[in-house]
Every structure is written in C-alpha cells, then in structure tokens.
J.: 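One structure, pasted below without further comment.
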Amino acid sequence: MRFVFTDEQNKFRQEIRDFLKSELDAGTFSVDVSGLVGGPDQEFSRKMAEKGWIGITWPKKYGGQGRTYVEKMILIEECLRVKAPIGYHFSADRQVGPALMAFGSDWQKDFFLPKIIKAEDGMQFCLLFSEPNAGSDLAAVTTKAVKEGDYYIINGQKVWTSAGHVADFGWMLARTNTDSSVRGHLACSEFMIDMKSPGITVRPIINIAGAHSFNEVFFDDVKIHKKYLVGEENGGFKQIMAQMDYERAGIERLMQNYPLFEQLKNHVKEMDKDKDGGYFYAWVRDQVAQLEIEYNIGRLLCYNTAWVVDQGQKPSSQAALTKAYCTQYEQRLNDVATKIMGPVSQIKQGAPWAAFDGDLAACNLWGPSYTLQGGSVEVLKNIIALRGLGLPRK
Amino acid sequence: MRFVFTDEQNKFRQEIRDFLKSELDAGTFSVDVSGLVGGPDQEFSRKMAEKGWIGITWPKKYGGQGRTYVEKMILIEECLRVKAPIGYHFSADRQVGPALMAFGSDWQKDFFLPKIIKAEDGMQFCLLFSEPNAGSDLAAVTTKAVKEGDYYIINGQKVWTSAGHVADFGWMLARTNTDSSVRGHLACSEFMIDMKSPGITVRPIINIAGAHSFNEVFFDDVKIHKKYLVGEENGGFKQIMAQMDYERAGIERLMQNYPLFEQLKNHVKEMDKDKDGGYFYAWVRDQVAQLEIEYNIGRLLCYNTAWVVDQGQKPSSQAALTKAYCTQYEQRLNDVATKIMGPVSQIKQGAPWAAFDGDLAACNLWGPSYTLQGGSVEVLKNIIALRGLGLPRK
Amino acid sequence: MEFNLNEETVLLKNSAERYLREKCPSSLARELIEDRVGFSKSIWKETAELGWLGLIYDQKYGGFEGAFFDLFILFEEMGKVLLPSPFLCSAVLSGLVINEAGDDSLKNEYLPSIIQGEKILTTALLDEQGGYDAQTPGVEARKTQTGSYVLNGTKLLVPYAHVADEIILCANVKDEKQGGPTLFKIDGNAEGLEKAALDTTGSEKLSALILKDVAASAESIIGSVGQGDVYLSKVMPKATVLKCGEMLGGLQRVVEMTVEYMKERHQFGRPLGTLQAVQHFCADMATYLETARLIAYQAAYLLSEGLPCAKEISMAKAWCGDAYNKTTRIGHQLHGGIGFTEEHDLHLFYTHAMVSALDFGSSWSHRSKVADELGI
Amino acid sequence: MEFNLNEETVLLKNSAERYLREKCPSSLARELIEDRVGFSKSIWKETAELGWLGLIYDQKYGGFEGAFFDLFILFEEMGKVLLPSPFLCSAVLSGLVINEAGDDSLKNEYLPSIIQGEKILTTALLDEQGGYDAQTPGVEARKTQTGSYVLNGTKLLVPYAHVADEIILCANVKDEKQGGPTLFKIDGNAEGLEKAALDTTGSEKLSALILKDVAASAESIIGSVGQGDVYLSKVMPKATVLKCGEMLGGLQRVVEMTVEYMKERHQFGRPLGTLQAVQHFCADMATYLETARLIAYQAAYLLSEGLPCAKEISMAKAWCGDAYNKTTRIGHQLHGGIGFTEEHDLHLFYTHAMVSALDFGSSWSHRSKVADELGI
C-alpha cells in the first residue's frame, strides 16, 4: 500500500507539466472545457509521440514503453488539467491499440500499432458502435456485414459517432450472422473501416452546445477486405465488452470540466465574504469543500482502477463504478459553479462579463452529456449490481 | 381556486385547537413523536366522538356529519400538531368505516358504523394485510379462508400488525380461492375478525425503538361467520386497492414527527449565531428554510388530495405521490435535525441534556419506518408511473 | 382550500394554449434564436390585441383590470411553448414600475402604448457582476449644476434592450440633500449608451448596457429621488411569480415529452418506460411538477388576492427553480443522445430552466428570504 | 500509488477477522447492550493479550511499535462486528494523551497497565451541549491557595466512564499567571463526581459527568497548564481516523447483509435483487463502500507514515459519516419491515452510523476544515 506517488512518478509528472507549460506559453493550444479531451491536433500528437507518450503502456515490441497504467494516468491527468489537444490519438491510444493487441491479427498489429504510436497520418479513429435503435443495448445493432469472398459488404447506419467527420478509420461493430433467431451477443463482429471507403456518408449532428461533435454514418454497400475483421467472426460483442472496461477506466470522465474547478476555487478565494450578511459565502464554502472531497475521491477511484489493470485484473465493475461516480461529480461541479456564479454563468465566451471567460456557459451546455457518454449512469449501475455484486438477472 | 381556508374552516380549526389545548393543559395526554398518531386512549376518543369528530365525513344516516375531507384534514392536522391520542379510533375512522360504506352489507354498516363513530367498547381495529411473503406484493397472501357452511375457517399468518395486541377487531385479507392457478388479485376476500376468536395467537414484535408496536398474528382453524365477509368473495384485492388510497391520502404521513419541526425552529432562533465563525448558523439557516419549503409543499399536497376526494374522484396516483413525497420529508427533517443538534441527538428521553427532551432520539429510531409503512416509496413510485403517468407495464 | 381554476380562468387558459400551440411551434422559437430581433412582431401585436399585455392594468389606460392570477396563467402557457417575447420586461416590469412610481402624466403617456404593444420598454436590473441590489445598483447618477444628471456604469443581462424604445434603470444619485437609488428612464438610443448584445446559453436576447456620461434630465426620473428600491420592491414580487408560472409551463412540457418518449422508445426489446429505473425517474418528474404547480399557484393566488405572501413567493421561486432544473436533468438522462442534439426541443427547456432559476433571485437567495420570514 | 495491503497487514486483518467473528457474534453485541458493564471482560483481556491494545506503543511500555495503519485495520474489523469495547477511549485516546503530554513517570505508571488492559481510562471530550472545543471545555478549574485545583462543570457522552479507573478531561484553569485549557486526570470515584448513565440510541455505554467541587492535585495535571488543547489536537486526528475505520467496517457489513438478503428474498415471484430499483440501490451502496474505503485508507496511510494529512483526515471523516448513514438508510429501505425489528442486526449498524457520524466532529465541521485547508 502506498497512497503517494514514487519519486520517479513525481519526476515523470513534472516532466509532463514542464512540456505542457511550454506548449501553453508558446500558444500551441488553449484550455478548452468543451469535449472530453482537447481537440484533435496531429502536430501536437506528434510531439507527444516523440516523447514516447502515445502507447506508453504498450509493449516495447510495438514501440511502446511497457509502463504502468498508473503512469499513463499521470500522463492523461496532466493533459486534462489543461485540456491539452490529444484528440488525434486519444481513441486509438486508449482503445484501438489495446483491442488490437488483445484480438488483432499479426498483420493488423504490425500495420496499425507503429503508425498509431507515432501519430502518423491517417491514424485518427472514430467508434462506430451506437445505432438509432441500439444505444444502451448494443446487442441490438442491425448494421450488417455480409461476407462475399474475401470481402464483407456493409449496410446500415451508425449514430453518435464522435469525430466521424474527421476520423481516418472507424472501429465498427456489425452483425455478421443474419439469422435473426441468434441473439445479438453471438452474432456481431468488429471491423476496422477506412472512412474514405466508397458508400460511406457522414452527416453532422449539431449538439446543444452548437458544436459538430457527433455524426450519423451511413453505409451503403461498403466493401471491406476480410483482413480488417478484428478477432473472431461473431465474437465481437464479447470483445467489445472487454474493451469498454478500458474506455471507462480513464480519468477523462472525472476531468472533462476540470479547469472549471480550479477557476471556481480561485474565484471563491477572491469573492466578497460579507455579501448577504456573510450567509452566502458560508454556503459557498461548504459546497466547495464538498466538491473538493468528491473530486479527491474520484481521483482515488481512477488511480485505483488503473492499479487494478496493472495487476492484470479485468476492472469491469470497478471501471463502471468509477465512471458512474465521476460523471456525476462532473455534473455536480457544473451545478454548484452555476449556483455560485449566478446570472453571469449564462454568458458565453467573448464578453468580458462571462463567468470564467465563458467556460461555465460551455460546461452548462455540455453538462447533459457527462452522465450519458460511453454508458449512462443507469447502465453502469446495472453492471455494478450484476457483475460486481452478483445480483441475479432473473 | 382558493388557497386559504374559509372563515368557517378557520373557526372549526380554532375550536379543535381550544379543545386540544385544554386537554393538554389538563394533562390528559402529552406530545409523543413515536408512532404514526398518538397512542390509543378510548376515553379521549369518546370525547372526540361527543364533539362529532369521529366519522366526520360520513353521511348523517350513520351518525356522521357529512363534512368534507378538507375539514377532516383540518381536524387531523390539529390533532397531529400535538400528537393527540387518537389511536383508538384512527384506523376505524380512516379506513374501516369508508370501506364498510363502500362495500359492506347493511348488517355490517348498521352494526359497526354507529359503534365506531361513538368510540364504543370493542371498536379498535387492526389491519391484517401483510404476511411474511406478502409485503409489497399483497397479491401473494397465503392465509386461507375456506368456506364451510355458514362459516369460513381461517388458517395462516399475518405480520407487521400494528396494535394487533390491543385491537378488538381485525380487518383481514385472506385467500378464498385455493386454486393456485388463479392469480391472487382474483382470489382474495376481506373479512372482519374478532381478535378474541379461539385459534388466534398474537406474538409481539419489538421494533428498533424498543417499542411493541407490531405483532405477528397466527390463525389456527379460526372460525368466522360469513356475515363478516366484506363485499364480494374473491373481490377483496380490488376493494383493498381502493381503500389504500384513503390510507395514503392522510396528512399523518407528513406530520408523524411534526413536533420535532416546531422544536427545531425554536432552537435555531435561540442558538449561538457566531459559533464556528458564523458559518454553521448560515448553513443551519439554509437547511431549515429548505425544510420549511418542503413542509409547506407537503401540506399543500395533502390538502389537495383531500380536495380531490371531496370532488368525488379516486385519488390513487395523487395519494401515492403525496405519501411518497411526505414520508421522504419526514426522513429529511429527522436527518437535518440530527445534523443540527449534533451528539446530544442520541440521548433518549429522561436526561436533561437530551435534544428536544428525547424527541429527536425517538425520531432517529422510528426514522427507518417512515418511508416503509403503508407502501414503500418505491412501490408508490411504481403506482405514480403506471397509474398516474400511464407508463407501460410490459 | 379549493384547487380548481375558476371557469373564466379555464377559458382563458384553454384559449391561450390553443393560440400559442398554433402560433408558436418549436420551429418558431428556434428561428427566433437565430433572428436578430428575437421575437415575432406579429405575435407581439396579437398578444396586445388579445388584451394580454393590458390584462392587469386600469381601464383608463386601456387595460382590462383582470386578475393577476390570470396573468400568471398566461405566463404558464407561454412557458409551455417558450414564447420569446418582451412581455415580461415591457408590459410587466416596466409597465408596473411606471404604474407604481409614475405620476398621472407619465402613466397616461406610457401605459396605453405599452399595453397596446406600440412601445417596448425594458428594465435593467442587474449590475456588472450579475447581482441585483437596488441599494447599490451599479450605475451612478451625478447631478449637474443645471439640475440634470449624468449616468455612468454598467447593467448586465438586460432583456430586449436591443429593441427597447426606452430603458428603465435604477441609479444611485450622489447628492447631499436627497440622494440614493433612483429610477431613471433613458432613451434606447441615448448618446453615451452602448448596447452590447450578449451571446448566452438561453434563447432570450440579452444585452449589456454600458453607460458613459449618459445625460438624463430631472424629468426622466420616475417617482421620487432615493425611492427607486422601494418602487422596485413592489414590482419584483409580481415579476418573480410570473417567472414561476413560466417555469411551471416549461416543466410540464418536459415531463410530457419525456413520458411520451418513454412510452414509444424501445430498447432491450421493450419500451424504455417498462424499466423500473425509468418509471421511478418519471415518478420523480411528476412529483416535481405537482409540487411546483401547487407552490407556484399558491403564491400567484395570494398575490392576486392582495394577501401577505412574501414567504410563499420565495418558497415558490426557490422550489420551482430547483424542480425545473432537476426535471430537465432527468429528461436529458432519459432521452439519451437524441436530447443532446440541437434539433431536439429538450435543450431549449434545459437552458430555460438554468437561466430562469437564476432570474429574480437564485434558489439560495429565496431560501434566505424564507429564513428571514421565519425569523432566523 | 499501490492499493493493496502489505502482507503482514493482510495476516493481521485475517486473523482479527477470524477472531472477532468467532468471539463476537451479534448475539454478544446485543447481550452487552443489556449488560450494565457493556463489554466483554474476556474479550478485553484477549485483545490485550493479542497485543492489540499496545500495538502502536513503545516497546519500553510493553507496546509493539507497530504501524498506526495496522491499528486502523483492527478498528475496521471491530466495526464489522460492532465490538463494544473501551479500546478507543482507553488504549487510544487516553493512552495517546498520556504518551503525548505525560512525563516519563506518568507514562511508566500508566501505559503498561493500559496496554495490558489492567487499567481502563477514558477521556471526556464533550461539553454540556455536546460540543467539542478544547478552548472552552465546559469545566472550570479554580486554583486554591494550596496549589491544588477545584473542578466544576459537566462533560457529556463520555464512553465507559462507568467502569473507568480514571478519567482524563480538559478543564479551563482560571489563573492570572498561567491558565487556560489543561488536562486533568481524576479518579473514577472522585468525591464530587457524579456519573449519570445515559440512555442513548447507540450501543455504547455513555455517561454524563457532573463535577461539583472535585478536588484535583497539581500532580493530576497531565503535561503543562494551558496546553490541553495542544495535546488533544495531536491525539484527535488518530482517534478520528480510527473511527473512520470502525465506520468502514460497519458499512461493509451493511452492504454484505443487504445484498445477500436481496438475493434470497422473493417478492412478486422472483428475487428482490432482480428489480432494477433494487439493483441501483445496491450499486449506490457499493459505491459508498468503495469510496469510503479509499478515502479512509488514504488518511490512515498518510497518518501512519507521518505525512501531512489534515485535509485528508477531514475528507475521510466527512465522507465516511455521510456514506455510512446513506448506506444504512438504503439497507433499511431494502430490508423492509424485518430490518425494523429489534431482533435483526441492521439497526445496530443504523444507530452506529448515526452516532459515529457525529463523533469527533460532524460531516459539516469536517467540511469546514477542508475549506480551511483550501484557504477559503
């Protein structure tokens, strides 16, 4: 047991901080609270790659450093503190790489992993899981992949595809067994698909923050070579459940709006303590202390999950619990900050009166998505109850 | 629309207050926060009866006054404010009478109603609904009533029977159709049963407040004449659902621990405002204001439900919503009061340091029951969703 | 206690509902967000013709001397469709301020045209930090030797200031003899007045007003010098309760649209509404709606009847704001991704809830007023 | 960051768990509630023999110089079975106070017998209102001409005072030269000391101490005059963290017993645990447990390592108290009627949670300390 970081880890953290500070000072990017991580910036990702900070947990044979998930979390935590623009490689690093290492063919590993880890061209991924009628219930996907010779022919529709309009490759779940009497759990496969393939149409979805972060993706007789099938045919659902754990195990679900918290604490230090007879400040103080507790607990949960992964265990219930807790914290932060800042919280970036330079307004608008992305809180609670506590399904 | 009481209603309220004050001054009873209403006291109930305050909503032909449910609520509200000992007639007045009027035979009405309304001997009722395996799910009752000639023979077990050890009559739900392929909803009947009948054994259950408020009741070949069957054979479940609305429609679910609220507000007025830099008082102030809002809303919900009943409508979803809300308020009051009073909240009645003369400790111990009695919050929410909002069952 | 609406009120409510449903589909509300003016002039004209704007004013000004409660009902209906309109800032806040503080000539000059929708006024309430405190209103009025005034300062989040003919604001008169918070009425295009349109999360058009040496004559003062806070304190309760009505309408729509969607939307092979977690969420929403309705109606009724209701108003505002916010949160959670898209209506209500809860005092500040009323 | 327990700690934890499960079934805990003495003398003796009481003390007093963290683990295990024991008040609070403030002779006189369980001491912390403030401790010590003191005042909710050989308390010395909060050690049967057994909601035996002209020699002062608050402030963090451990153990048992019951108990023709509402409640409980575990372990680790952790301790106490209370509430809601009966174990944990959350500072007061640490 050790509830502190090692000297080496602290040194690593400092190294990252120094890098990010110099990038921030140089104006390479600016802090942005919209979106899960900072936006895609291949140039920035290349710099990270040069430092060896992509695929940091991957084995050396794929160009990785074989470091721990705890160390990876230190890296991501520091990136999120300033919302560094790691969007270009984030999905590939978090999910695609580990999935390929677990289930991919030799060709797939040799072709993709070195490219991902160097942030090369064409290596931004999007995830093609959800469909209009398969949201929380992924087993209900109906997009079909029908085998014809060496190829699969894809037809169907995906939705809520983040970065679908800029991604080079999609990581897709599609139904390969068309016998409708077979449950979806045993009928789906995973594919990688070149987003420039003929027959793919990407349509933007504008979200309530006015941003184009999602897309609908339509597949009309899209042809992909069988070498892009990942793992076993009809084994995709099981694979995806394992990958989801990694998706949920990150600290990005705690820190999506982290800059808000720092700004809020600074604001409270400066605020007029005597307003409203001092009563308001007393209330604010209590609220912020509670947020501080909740944030610190969320951070422990995240590092604990990373540590569980480092022990070679599947973090499934642990990751679900962590994500459910953390995203609720993010919403609470948003709510409390709004109550403390009052009417100016509605002013968007640009006007001098905007709370936290418009960051609060942005968080207000992104807020509803916090507890939905990557599995709603309710779906996660089901996982905790069924997989973690062993409660009966029927 | 009129969000104020009429002059006549205010006069009525004053009349009740004067009566209760004189009884309190005379030492007839003392305020007691344990239990739903003040304990059984036939003498006191007789005084209420003389005033015409039992069966106040009942038609004149049964000795009632045909007054409104809103007026009845004024009466009960005042009684609960001081937790007057109305336990002797409370169940009979609230549930048994209305059920008999709705479903009872002429003989039953003529025999019971005048006696109930006068608080005569032998007219304290208990409710024999729940069983060890039929709590939230009343349709699962297994206590059997088998017809033999003019009699029914009862065998089985009931549990959570409040006042079972002192009641004269029980109001029971039992299975009259023994064909197990018939769902409980269509197989049960209601009976009134003399609790002194041979074959009945009552065993006390001591609750966590150390009080004997519940019982287990065992039936071993208990014989009851068919004239005690209420309403239709096998129609009991439907009847009971209608009666439940009345059970849930009362203000007693809001005011079980009402004296605590008055005491808390008085305490806060007197407390040291500067303790802990004034921060604590500011917090207390906000908490108590919130309770005040919640209490006032609960009161409006209750009166609204009474008014709905006065309009001749079934208050089913309305009553469920009211009870779910109100019992949660009662728990919140208990929690907030405990946080405000601190360590002395654990001291029971008797010691001079006990918070509110031990009332808070009593409420702490009774607290877990608030949101369970007469339908848990979760069962009530199901009713709101299914019956109130029309969400689909399947 | 009687909880039903009077017959005439029901008639008004129903006709308002029909009218607004027809005239203000959500497509219009969205269009108006993009629109520079931000409200429909034809609907504005019609609301005046329907007598809504003048509902509670004296007949001598063209009003109808109706009950305040009926006005509340109109706001509830407008909340259901989120009608963007200068109704509240012009025909309520500004009109009532003039009615309260103005002399006969001022009333005769302004009220008829406000009631007929010919003039649009707005009242600037918030200071540069978004705070409302009539004692320190954030604008200073320096008296000149000629007896006129020079105004300097900033007002924030002023609704419909970009189209307002005139703007009412409270300024602190610095004068040894007679000073203090004072209501001024300035021209919407006064020299030295900068109106900065604000890009905000909500749908209503809001501006910042920056006053740099804006000249105001002594005649532009409404009522007496140093009494601005008193006049405002008489008008604010009404605006606050009408905001509760608006929130209540929005809340109701969110519950309706969510419950409806839960009946239709299938996941895991059955309607989402069959899931117990969904049912309990919906029951919570229904509870927020019912409780908000009762506490808001109570405040509106008491205010309408002229009965004391400071505590009841604050209870209503605190509770409705929280209930509306929590309900839209649940709405989003149950709608999932679709509700997070720009083309779905839900977010209009979500931001409306967030902003409305802060208008005319936050839930915390109203709880603080409840505490005041409790003597703690 | 490493989240696993050290091997030796695991061994200690497992053996403590086995021992306590065998020796302290819930039947014993219930018996002891009825018992006048309120704890099992044989278990008390054995805990001394096992070396638990002396775990963290110097070898020269008979201690084992073990890690504080291991003591925390013992309290977690004791919390699981709700072992009634003067451990915390005697071998932690009183022992550490003497260790911290006493001179060598005092330590030599007391620590060995405390560690061996031969002497039971208790420390009275709360004043007549149940408040803890070492600056105004609620007892006054008047210095007499002979240099001795006379104590007057009241202390509340003192654990195991009815069996304590001696009682440590903080009194305010009124003396012009050198006064202030000062620790006194008085005999459990001192003249003028009235011990009133308190009937409380929890299972632990608590008393009120009423001091009427209790004589105390200058030698009965522990440490220096006027330094009582300083000594206590060094001991309180440890007691607070151990209380977190105790709460954590109780919390874990409540989750276990509730989840188990939900798997067994059938309603509506299937296990209750299949209902989504039940599953979500259980997930919430699991979340409270996991979060309480992490934040409490963190505090215990840092304290054990001698690292700065004032904020972490307060975070742990605030969160664990709330989490434990919320969990027992859910536990009751899911158990239904059966959990509300005296014969079920659940209520022992329910009252333990309620009382523990108030011990050593409420959640609010610890949040206030977190705010202090944040500089707000």
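Reminder, nothing fancy here: chain letters follow the sequence lines and each chain counts from 1. These values consider heavy atoms only, across backbone and side chains, with no hydrogens, waters or symmetry-generated copies.
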J.: For chain B, find which of D:Val355, D:Asp359, D:Thr341, D:Asp199 contributes the most heavy-atom pairs closer than 4.5 angstrom.
T.: D:Asp199
J.: Report yes if the side chains of D:Thr154 and B:Trp353 come closer than 4.5 Å at any heavy-atom pair, otherwise no.
T.: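 SC-SC contact between D:Thr154 and B:Trp353 confirmed.
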J.: Any non-hydrogen side-chain atom of D:Glu343 less than 4.5 Å from a side-chain atom of B:Ile206?
T.: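 In short, these two side chains do not touch, never coming nearer than 4.5 Å.
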J.: So, for D:Leu198 and B:Ala351, which heavy atoms are closest and what is the spacing to 0.1 Å?
T.: CD2-CB, 3.8 Å
J.: Can you tell me if D:Glu342 uses its side chain to pair, donor with acceptor, with the backbone of B:Ile205 under 3.5 Å?
T.: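 No, because the side chain of D:Glu342 does not come within donor-acceptor range (under 3.5 Å) of the backbone of B:Ile205.
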J.: Out of D:Val278, D:Leu272, D:Asn325, D:Ile338, which one racks up the most heavy-atom pairs below 4.5 Å with chain B?
T.: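 Most heavy-atom pairs under 4.5 Å with chain B: D:Ile338.
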J.: How far does CG of D:Leu334 sit from CD of B:Glu378, to the nearest 0.5 angstrom?
T.: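 Rounded to the nearest 0.5 Å, the CG-CD separation comes to 7.0 Å.
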J.: Between D:Thr351 and B:Asn364, does the side chain to side chain contact (heavy atoms under 4.5 Å, CB included) criterion hold? Intermediate values first, please.
T.: CA-CA 8 Å; D:Thr351 51; B:Asn364 277 186; over 6 Å; no
J.: Looking at CD1 of B:Ile347 and OG1 of D:Thr201, how far apart are the two atoms once the value is rounded to the nearest 0.5 Å?
T.: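 The OG1 atom of D:Thr201 is 9.5 Å from CD1 of B:Ile347, to the nearest 0.5 Å.
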J.: Hey, are the side chains of B:Asn133 and D:Arg265 touching, using non-hydrogen atoms and a 4.5 Å cut-off?
T.: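 Yes, close enough: below the 4.5 Å cut-off.
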J.: So for B:Asp335, is it side chain, backbone, both, or neither that comes closer than 4.5 Å to the heavy atoms of chain D?
T.: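 It is the side chain, since no backbone atom gets that close.
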J.: Would a distance-only check, ignoring hydrogens and angles, find a side-chain to backbone donor-acceptor pair under 3.5 Å from B:Tyr279 to D:Ser365?
T.: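 Such a contact is absent between B:Tyr279 side chain and D:Ser365 backbone.
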J.: At their closest point, which heavy atom of B:Pro343 faces which heavy atom of D:Gly130, and how far apart are they?
T.: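 So the minimum-distance heavy-atom pair works out to CG-O, 3.3 Å.
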J.: Tell me, out of D:Gln129, D:His344, D:His266, D:Gln267, who's got the most heavy-atom pairs with chain B below 4.5 Å.
T.: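 If we count pairs closer than 4.5 Å to chain B, D:Gln267 comes out on top.
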J.: About how many Å separate CZ of D:Arg329 and CG of B:Asn334, when rounded to the nearest 0.5 Å?
T.: 5.5 Å
J.: Checking B:Ala209 against chain D: side chain, backbone, both or neither under 4.5 Å from a heavy atom?
T.: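 No part of it gets close to chain D.
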J.: Return yes when atom NZ of D:Lys195 has more than 12 non-hydrogen atoms of other residues, nucleotides or ligands closer than 6.0 Å, and no otherwise.
T.: yes
J.: Would one find more than 12 heavy atoms of other residues, nucleotides or ligands at under 6.0 Å from atom NZ of B:Lys238?
T.: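 No - once you tally the heavy atoms of other residues, nucleotides and ligands closer than 6.0 Å, there are 12 at most.
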J.: Does atom NZ of D:Lys212 have more than 12 heavy-atom neighbours, drawn from other residues, nucleotides or ligands, at distances under 6.0 Å?
T.: no
J.: Working to the nearest 0.5 angstrom, can you tell me the gap between D:Ser362 OG and B:Lys339 NZ?
T.: 9.0 Å
J.: What orientation do D:Phe340 and B:Phe214 show, parallel under 30°, tilted 30 to 60°, or perpendicular over 60°?
T.: perpendicular
J.: Please state whether the side chain, the backbone, both or neither of B:Pro132 comes within less than 4.5 Å of a heavy atom of chain D.
T.: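 When you check distances to chain D, only backbone atoms of B:Pro132 fall under 4.5 Å.
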J.: Can you find a pair of side-chain heavy atoms, one from B:Ile208 and one from D:His332, that are under 4.5 Å apart?
T.: yes
J.: Heavy-atom pairs under 4.5 Å with chain B: which of D:Gly131, D:Gly337, D:Ala371, D:Gly202 has the most?
T.: D:Gly337
J.: Quick one: what part of D:Tyr132 sits under 4.5 Å from any heavy atom of chain B, side chain, backbone, both or neither?
T.: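 Neither part; nothing is under 4.5 Å.
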J.: Evaluate B:Val377 against D:Gln333 for side chain to side chain contact (heavy atoms under 4.5 Å, CB included), listing each step before the verdict.
T.: CA-CA 9 Å; B:Val377 167; D:Gln333 198 65 19; 4.1 Å; yes
J.: Within this structure, what is the CH2-CH2 distance for the pair D:Trp364 and B:Trp283, rounded to the nearest 0.5 Å?
T.: 8.5 Å
J.: I need the residue from B:Ser376, B:Ala354, B:Gly135, B:Ala355 with the largest number of non-hydrogen atom pairs under 4.5 Å to chain D.
T.: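 The answer is B:Gly135.
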J.: Hey, are the side chains of B:Ser345 and D:Leu358 touching, using non-hydrogen atoms and a 4.5 Å cut-off?
T.: yes
J.: Hey, could you give me the CD/CG distance between B:Gln346 and D:Leu206, rounded to the nearest 0.5 Å?
T.: 5.5 Å
J.: Identify whether the distance between the nearest side-chain nitrogen and carboxylate oxygen of D:Asp133 and B:Lys275 falls below 4.0 Å.
T.: no
J.: Decide yes or no for D:Leu126 and B:Val344: does some side-chain heavy atom of the first lie under 4.5 Å from some side-chain heavy atom of the second?
T.: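 Side chain of D:Leu126 against side chain of B:Val344, heavy atoms only: no contact under 4.5 Å found.
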